[in-house]
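Working notes, structure below.
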Amino acid sequence: MTDCFDCLEPPNYAAIARELQQTAFQAESCIFSVERLLRAVPNGPTQIRTSTANLDFSSGTTQDLRVATSTTTFSTLSITNFFLQPLPAGVYEFGAFVQTSAVGAVDANSYRYLYLSVRNQFDPPAIPDQYRATESAFEANNGTGMDMCAITTVALNGSQNVVPQFIHNNTSSQLRINIGAIYWVTRLSDQIALETV
Amino acid sequence: MPANTPIYGFTYPCESDAINASAFATLAQQIDTKLQDVQGDANLAVGRYSSIQSMAPNQGGFASGVEAAFTNAGSTYVVPAAGLYITDCLVAANATTITSMRVRIRLNGVAMYGRSYNNATAAATAGPMVVPGVPMVCAIGDTISAAFLFFGTGAGSASLRINFRMILRLA
């Protein structure tokens, strides 16, 4: 007997049709299991969210970008919305793209900081981020705004949220995160790698 | 009448069917064919589709304030299999002066994401600047490319190193 197929017993030699049927179903079962594993292992659960509204905010205060309405562009995550729910424990890539423009007057060379942060699920706003990666840009004032794009890798314990945030010092007017901002996560692995002997 | 398994359609004889060598041959061939598909899955799991490309030669003729696509050899990628792909790139530019530049990644000619660079000293060179990348849902045959925009004086030229990697397979 192999892992997939049962050997014929002497009383079964006459039941060839039944044995072929059994062989066919056993082959299908074995191959299906392997095929599912091979497809699941490299395809880390992933979710892409796209904002559906502009978000305007004033300078000097860190703005949580999740407040802008967003839609799920793509998802194979077990949770519906990683903006609202903590991600299952594991190691993830977390990234964002935003296109910013001043609502009114532009302050040339003023800063724009995009934060990719990790926060414990129930921490109040006053508690600092558990982790923060920063993408910085300084307004070029060429009439096209500033595109900003960042990726980071985070290890999550199952009760943490990934949070995109933003702060700027364009004091002459509010800054706009334009509709169509993209936020995404993809799971890379379990938190703890199995020991290799 | 022979019947078929529900997932892969492996054929097996039923009680009333006459059994001959072809029943064995058919089932064996079907299993062998499916195993080749599984081998393909295994190959893909080990070696995901990816490409590292350097555009050659560097591309010139960019006008200040006009966004234009990179078109020289090595600047584009035709998606070989449906999936999520991340494209990141590295760009350096030259002109008489450059005050700012922007690179955007396009999918089938449509801008998807990008990054801007403020060259505050207005030097003749800008960058290199990295555009980190965002996953894009791609179908087989889609084209991924990049576009360049700068502000300054003189005609601009730019180098491009662009990387493509599949992070999730859809088919």
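Here is how names work: the chains are called A, B, and so on, in the same order as the sequence lines, proteins then strands, and each is numbered from 1.
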| message | I want to check something: taking the side chain as every heavy atom from C-beta on, are A:Ile182 and B:Val134 in contact at a cut-off of under 4.5 Å? | response | yes
| request: Answer with side chain, backbone, both or neither: which region of A:Ala150 has an atom nearer than 4.5 Å to a non-hydrogen atom of chain B? | output: backbone
| request: Please work out whether the ring planes of A:Tyr113 and A:Phe138 are parallel, tilted or perpendicular, with thresholds of 30° and 60°. | output: perpendicular
| task | Identify which part of B:Ile7 has an atom lying under 4.5 Å from any heavy atom of chain A, answering side chain, backbone, both or neither. | result | both
| Is it the backbone or the side chain of A:Phe74 that comes under 4.5 Å from a heavy atom of chain B, or both, or neither? | side chain
| request: Using non-hydrogen atoms and a 4.5 Å limit, figure out which bit of B:Val38 sits close to chain A: side chain, backbone, both or neither. | output: both
| request: Measure A:Ile31 against the heavy atoms of chain B and call it side chain, backbone, both or neither at under 4.5 Å. | output: both
| field | Proximity breakdown for B:Tyr113 and chain A, heavy-atom pairs closer than 4.5 Å | value | both
| task | Considering only heavy atoms and a distance below 4.5 Å, find which of B:Phe10, B:Phe24, B:Tyr8, B:Tyr117 pairs most often with chain A. | result | B:Tyr8
| With a 4.5 angstrom heavy-atom cut-off, which part of B:Met112 approaches chain A: side chain, backbone, both or neither? | backbone
| Minimum side-chain heavy-atom gap B:Glu67-B:Arg104 below 4.5 Å | yes
| message | For the backbone of A:Ser172 and the side chain of A:Asp107, can you confirm whether one donor and one acceptor N or O come within less than 3.5 Å of each other? | response | yes
| Pick from B:Thr99, B:Asp88, B:Leu84 with the largest number of heavy-atom pairs that fall under 4.5 Å of chain A | B:Leu84
| task | Measure distances from B:Pro6 to the heavy atoms of chain A and classify the residue's part below 4.5 Å as side chain, backbone, both or neither. | result | both
| Does the pair A:Asp147 and B:Arg115 meet the rule for a salt bridge (charged side-chain N to carboxylate O under 4.0 Å, His left out), with working shown? | CA-CA 4 Å; A:Asp147 285 8; B:Arg115 192 164 182 228; over 6 Å; no
| request: Go through the steps to decide whether B:Tyr85 and B:Phe164 satisfy the test ring pair (Phe, Tyr, Trp, His ring centres under 6.0 Å), and finish with yes or no. | output: CA-CA 7 Å; B:Tyr85 288 77; B:Phe164 312 90; 8.4 Å; no
| message | Looking only at heavy atoms and a cut-off of under 4.5 Å, which of B:Ala120, B:Pro13, B:Gly114 has the most pairs with chain A? | response | B:Gly114
| query | Is it true that the NZ or CZ of A:Arg49 lies under 6.0 Å from the centre of A:Tyr183's six-membered ring and within 45 degrees of the ring axis? | reply | no
| query | Does one side chain, of B:Tyr12 or B:Thr26, offer a donor that lies under 3.5 Å from an acceptor on the other? | reply | no
| field | Part of A:Glu139 lying under 4.5 Å from any heavy atom of chain B | value | backbone
| remark: Most heavy-atom pairs under 4.5 Å with chain B, out of A:Leu38, A:Asn43, A:Thr23, belong to A:Asn43
| Top of A:Val34, A:Leu37, A:Thr144, A:Leu188 for chain B proximity - count of heavy-atom pairs under 4.5 angstrom | A:Thr144
| query | Side chain, backbone, both or neither: which part of B:Ile167 has a non-hydrogen atom closer than 4.5 Å to chain A? | reply | both
| query | chain B heavy atoms under 4.5 Å from A:Met146: which part of the residue, side chain, backbone, both or neither? | reply | both
| task | Output yes when a side-chain donor or acceptor of A:Glu135 lies under 3.5 Å from a complementary backbone atom of A:Tyr115, and no otherwise. | result | no
| Between the side chains of A:Thr71 and A:Thr50, does any donor sit under 3.5 Å from an acceptor? | no
